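Just so it is clear, the model here is predicted, and its values are computed rather than measured. Keep in mind that the numbers below use all heavy atoms, side chains included, and drop hydrogens, waters and symmetry copies. Reminder, nothing fancy here: chain letters follow the sequence lines and each chain counts from 1.
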2 protein chains.
Amino acid sequence: MPTNRTKREDILDSALKLFAERGFDATTIPMIAGDARVGAGTIYRYFENKEVLVNTLFQHYVQAFKGMLEEEYPQESSSREQFHHLFQRMVQFTNEHEHALYFIKTHNGAYFLNESSRKQFSCLWKILRDFLDKGKERGEIRQLPSLALIAIIFGGFLELEQLIRSEELEASRDLLHGVEESCWDAVRHHH
Amino acid sequence: MPTNRTKREDILDSALKLFAERGFDATTIPMIAGDARVGAGTIYRYFENKEVLVNTLFQHYVQAFKGMLEEEYPQESSSREQFHHLFQRMVQFTNEHEHALYFIKTHNGAYFLNESSRKQFSCLWKILRDFLDKGKERGEIRQLPSLALIAIIFGGFLELEQLIRSEELEASRDLLHGVEESCWDAVRHHH
DNA sequence: CAAAACGGAATGAATGTTCATTCCGTAATT
DNA sequence: AATTACGGAATGAACATTCATTCCGTTTTG
């Protein structure tokens, strides 16, 4: 139980960045230590091993993202407004934690994730599935498996995030609004 | 120029599968050799090293995919028909080379890709960009950066492919048709 | 035509390197 | 002064790559 929380967070921040940029296997402990300006051994004071570190990170951000999506969720509004809420929160979350969503997505399903990480992740999917299922009942959302719709929204959004991070696109208000519109047209029911 | 092409292809097939499933860094040469039923040393008879192997694979499938998209491309048709062509070919390519698109996508931008691989990849993007740019001029495609639209189509499609491979979804005719419709609605211009 | 010699393909044990993890002397904190 | 935190060299395991050897189809020789 460290009295000084800073080192632990430095390590987590560096690990998040490196895992997102290079992937788990291509990121070495000495790399993380160097980036966090910490001795390699210090990492083992806070995390039992590399797998515990990556699972901690994964669960932390899945949890945080879930919280962000659920907070002030407009339970009673139309699917369009609910979609707007979810999309906005996705953007906000990305702004606050630059690499987090990309890290989650690229490391989801990986061999080193433990039971608990997998469970938490499927619980995140559930939020989106519930939104879509309810929208389909109301006839506001396209009749397609929710998993497929989530794939389209999330896949598209994360691909976009990558382009913005690599500075091939700029995250202007216009662009984000346009992408929201485009994703909404992908999932909504058309007459 | 080997007289027997089989071993080289066995190696390439195994490498594609393993790179797609586990990623470049988590895939070891002995793993590939084992899967291909070949001695580890044999791999070095055909490929100078692991990086050359992955670049060969990458370029091969980017090239093949490009060829598949361009063949019989309906240059004179409407954007809708052109989109249908591209989407169909994407599906067909995935059927013929189970892991290829996912491998390309997950390894694009990786640190071990050489200049030539990167060049080939951007040339693949160009095909899609030209289609979208022309469609925008005609007012049939949404006014959004082509890169962003490509991200939405490709991101969504590949996310979907993953779900199908992991058997969370079944690739029925209905599903593919629905997804095509959904992606088209994401990129087309709405009145 | 049989037998011996040849040569390239294939192998997997051996090599050197890189990594995750441990260990221990030093610095900071109480 | 004792306890805890830290750093980075040390360790052993796992890896990519190499290499001496085997294998096998073809060619040469007697």
Side-chain angles (χ1 to χ4, degrees), chain A residues 1-60 103 106-107 110-114 116-117, chain B residues 1-60 103 106-107 110-114 116-117:
Chain A
M1 217 40 54
T3 51
N4 178 358
R5 191 129 294 234
T6 303
K7 296 237 177 211
R8 186 174 192 275
E9 285 174 359
D10 287 349
I11 293 165
L12 284 171
D13 287 351
S14 293
L16 174 64
K17 185 178 74 181
L18 290 166
F19 287 157
E21 279 172 1
R22 314 180 35 101
F24 176 77
D25 293 290
T27 301
T28 70
I29 292 285
M31 258 180 222
I32 297 169
D35 191 273
R37 292 161 193 285
V38 142
T42 305
I43 291 179
Y44 289 85
R45 297 203 68 69
Y46 295 99
F47 305 96
E48 201 182 324
N49 56 45
K50 199 182 171 190
E51 292 208 358
V52 168
L53 171 57
V54 75
N55 277 282
T56 301
L57 213 48
F58 188 86
Q59 290 176 34
H60 173 78
F103 163 73
T106 50
H107 291 73
Y111 64 91
F112 45 77
L113 289 188
N114 60 28
S116 169
S117 292
Chain B
M1 213 44 53
T3 51
N4 179 356
R5 192 131 289 236
T6 304
K7 297 242 173 204
R8 186 173 191 274
E9 285 175 357
D10 286 350
I11 294 165
L12 284 170
D13 287 351
S14 292
L16 174 64
K17 185 180 75 183
L18 290 166
F19 286 156
E21 279 172 5
R22 313 180 37 101
F24 176 77
D25 293 288
T27 301
T28 70
I29 292 286
M31 256 181 222
I32 297 170
D35 191 274
R37 293 161 194 285
V38 142
T42 305
I43 291 179
Y44 289 86
R45 195 156 263 303
Y46 294 100
F47 305 97
E48 201 182 322
N49 56 46
K50 199 182 171 189
E51 292 208 357
V52 167
L53 171 58
V54 76
N55 277 281
T56 301
L57 214 49
F58 188 86
Q59 290 176 33
H60 173 79
F103 162 72
T106 50
H107 291 73
Y111 64 92
F112 45 77
L113 289 189
N114 61 28
S116 170
S117 292

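Remark: B:Phe19 engages B:Phe24 in a ring-ring contact (aromatic ring centres under 6.0 Å, His included) (not counting sequence neighbours). In this view, A:Ala26 and A:Arg22, B:Asp25, B:Tyr111 satisfy the side-chain contact (heavy atoms from CB on, under 4.5 Å) rule, not counting sequence neighbours. Residues meeting the salt bridge (Lys or Arg N to Asp or Glu O under 4.0 Å) test with B:Lys50, sequence neighbours left out: none. Partners of A:Ser117 according to the side-chain contact (heavy atoms from CB on, under 4.5 Å) rule, which considers only residues two or more places apart in sequence or in another chain, are A:Asn55, A:Phe58, A:Gln59, A:Leu113, A:Asn114.
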Using atom types as modelled, flag every donor-acceptor pair under 3.5 Å from a side chain in residues 36-45 of chain B to any protein atom, sequence neighbours excluded.
{"from": "B:Thr42", "atom 1": "OG1", "to": "B:Gly39", "atom 2": "O", "distance (Å)": "3.4"}

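Annotation: of the two residues near DNA chain C, A:Asp25 and A:Arg45, the 5′-most nearest-nucleotide partner is A:Asp25.
The separation between A:Ile43 atom CD1 and D:dC6 atom P is 12 Å, rounded to whole Å. Distance CZ (B:Phe24) to P (D:dC15): 14 Å, rounded to an integer number of Å. With rounding to whole Å, B:Tyr46 atom OH is found 7 Å from C:dA9 atom P. With rounding to whole Å, B:Phe47 atom CZ is found 15 Å from D:dA16 atom P. Between A:Met31 atom CE and C:dA20 atom C1' there is a gap of 13 Å when expressed in whole angstrom units. Summarising the geometry, the separation between CG on B:Leu18 and P on D:dA16 is reported as 12 Å, rounded to the nearest angstrom.
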Pairs: protein N or O with nucleotides 17-19 of chain D N or O, under 3.5 Å:
{"from": "D:dT17", "atom 1": "OP2", "to": "B:Tyr44", "atom 2": "OH", "distance (Å)": "2.7"}
{"from": "D:dT17", "atom 1": "OP2", "to": "B:Lys50", "atom 2": "N", "distance (Å)": "2.9"}
{"from": "D:dT17", "atom 1": "O5'", "to": "B:Tyr44", "atom 2": "OH", "distance (Å)": "3.3"}

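Between A:Ser14 and A:Ile32 the shortest heavy-atom distance is CB-O, 4.0 Å.
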